[in-house]
Amino acid sequence: MGAAGAILATAAGVAMIGLAGRDAFDALFHPEGHATVGRLISRSVWRLFRRTGPGHRLFPLGGPAALVAVIGTWAALLIVGWALIFLPHMPGGFRFQPGVESAGSDFAHSLNVSLVTLTTLGFGDITPTASALRLILPLEALLGFGLLTSSISWLLLIYPVLARRRSLAYEISLLRAAEDETELSVDHLEPEALERVYAELTSRLVAVERDLVNFPISYYFAEADPRFSLPAAAPYLLELGRRGTAQDSPGHVHLRAHLLLKAVEDLGRTVAGFHGGRTDSPDDMLAAYARDHLREP
């Protein structure tokens, strides 16, 4: 490989590693990072699974599939990026086991070294001889170990996020069903009890909205059971907030209802960043949220 080709390969490799590192950092460590590649992949996988329809058993798998696709893309970028860095030094900068050098192309050998190193499996049939390469390969192994542990931590943190969202949606569903079945309105509760209902719903909704900001991938985890679907339940919270602020109630109840209303509006603005239906109307944003998850509000 000529000098110009070596420079281009190295520059391309560094760019791919930098892209993967920046995207992984935003998704895993930066609470409000954009993670451009991760968002694009997640949204693409989500659209593919949406085509199966809400009643299809594959639809709820869109979120897990998006998570795996994002982690796989980061790994692929790192593997190919490091392979491009090794390529200009292949084969002169490495020692081959007998018969290995003629068994594949220089790029195939570079990919082999990169894959084995990133997965921290140790050296295979090809080992570095150049001093610079002997220092660079442990760096790739360190990045590979960091990607593995961070991805596992990311996976473990997502499920408590989903549990909080599902429990909130279920409580809203039960509250709405209770109003319909008993023909009693929440508004008829004693002021102290009504204030506690508004306060509890507000605090839990704020936590769920922050979860969506800190773990954007969780947006794409859909629910097979509509009782646990926040997109279907959120408009009812908006209705509760408006009922609480419209009626002639004590000041502390009115304040709590106003806080709930603002929290629901914040949720609408947050989810609008995912489905693209950003408007000035919280009703429209929540309706677009429900449609994006193939639910009726």
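None of the values given here were measured: they were computed from a predicted structure.
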For salt bridge (charged side-chain N to carboxylate O under 4.0 Å, His left out), just list the numbers for Arg242 and Glu239, CA-CA rounded to whole Å, side-chain angles, deciding distance to a tenth of an Å, and then say yes or no. CA-CA 5 Å; Arg242 286 172 174 166; Glu239 177 189 335; over 6 Å; no
Could you go through the salt bridge (charged side-chain N to carboxylate O under 4.0 Å, His left out) check for Arg39 and Asp23 one step at a time? CA-CA 9 Å; Arg39 287 284 184 96; Asp23 206 65; over 6 Å; no
For Ile17 and Leu78, what are the C-alpha separation, side-chain angles and deciding distance, and is it a side chain to side chain contact (heavy atoms under 4.5 Å, CB included)? CA-CA 5 Å; Ile17 294 169; Leu78 290 175; 4.0 Å; yes
Verdict with reasoning, Arg51 to Arg47, per side chain to side chain contact (heavy atoms under 4.5 Å, CB included): CA-CA 7 Å; Arg51 295 178 182 176; Arg47 287 174 177 170; 5.6 Å; no
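Ring geometry for Trp74 versus Trp154: interplanar angle under 30°, hence parallel rather than tilted (30 to 60°). Using cut-offs of 30° and 60° on the angle between ring planes, the pair Phe221 and Tyr159 is perpendicular.
At distances below 3.5 Å, not a single donor-acceptor pair connects side-chain atoms of Arg243 with backbone N or O atoms of Ser185.
Outside the 6.0 Å centre-distance limit, the rings of His109 and Phe86 are not counted as a close aromatic pair.
A single hydrophobic cluster is seen to contain both Leu111 and Leu137, as judged by linkage of ILVMFWY side chains at heavy-atom distances under 4.5 Å, directly or through other members. Neither Leu255 nor Leu260 shares a network with the other; the hydrophobic side chains, linked directly or stepwise wherever heavy atoms of I, L, V, M, F, W or Y lie under 4.5 Å apart, form separate groups for each. Cluster membership check: Val68 does not share its hydrophobic cluster with Leu157, using side-chain heavy-atom separations under 4.5 Å among Ile, Leu, Val, Met, Phe, Trp and Tyr. The hydrophobic clustering, which links ILVMFWY residues whose side-chain heavy atoms are closer than 4.5 Å, places Leu261 and Leu189 together. Leu148 and Val80 are not part of a single hydrophobic cluster, where members link through side-chain heavy atoms under 4.5 Å apart.
To the nearest 0.5 Å, the span separating CZ on Phe274 from CG on Leu212 amounts to 5.5 Å.
For residues 188-197, there are no side chain to side chain donor-acceptor pair (under 3.5 Å) pairs, not counting sequence neighbours. Under the side chain to side chain donor-acceptor pair (under 3.5 Å) criterion, the residue pairs touching residues 135-146 are Ser114-Glu140, with sequence neighbours excluded.
Within 6.0 Å of CZ in Arg134 there are 12 or fewer heavy atoms belonging to other residues, nucleotides or ligands.
For Ser110 against Ala83, the heavy-atom pair with the smallest separation is CB-O, 3.4 Å.
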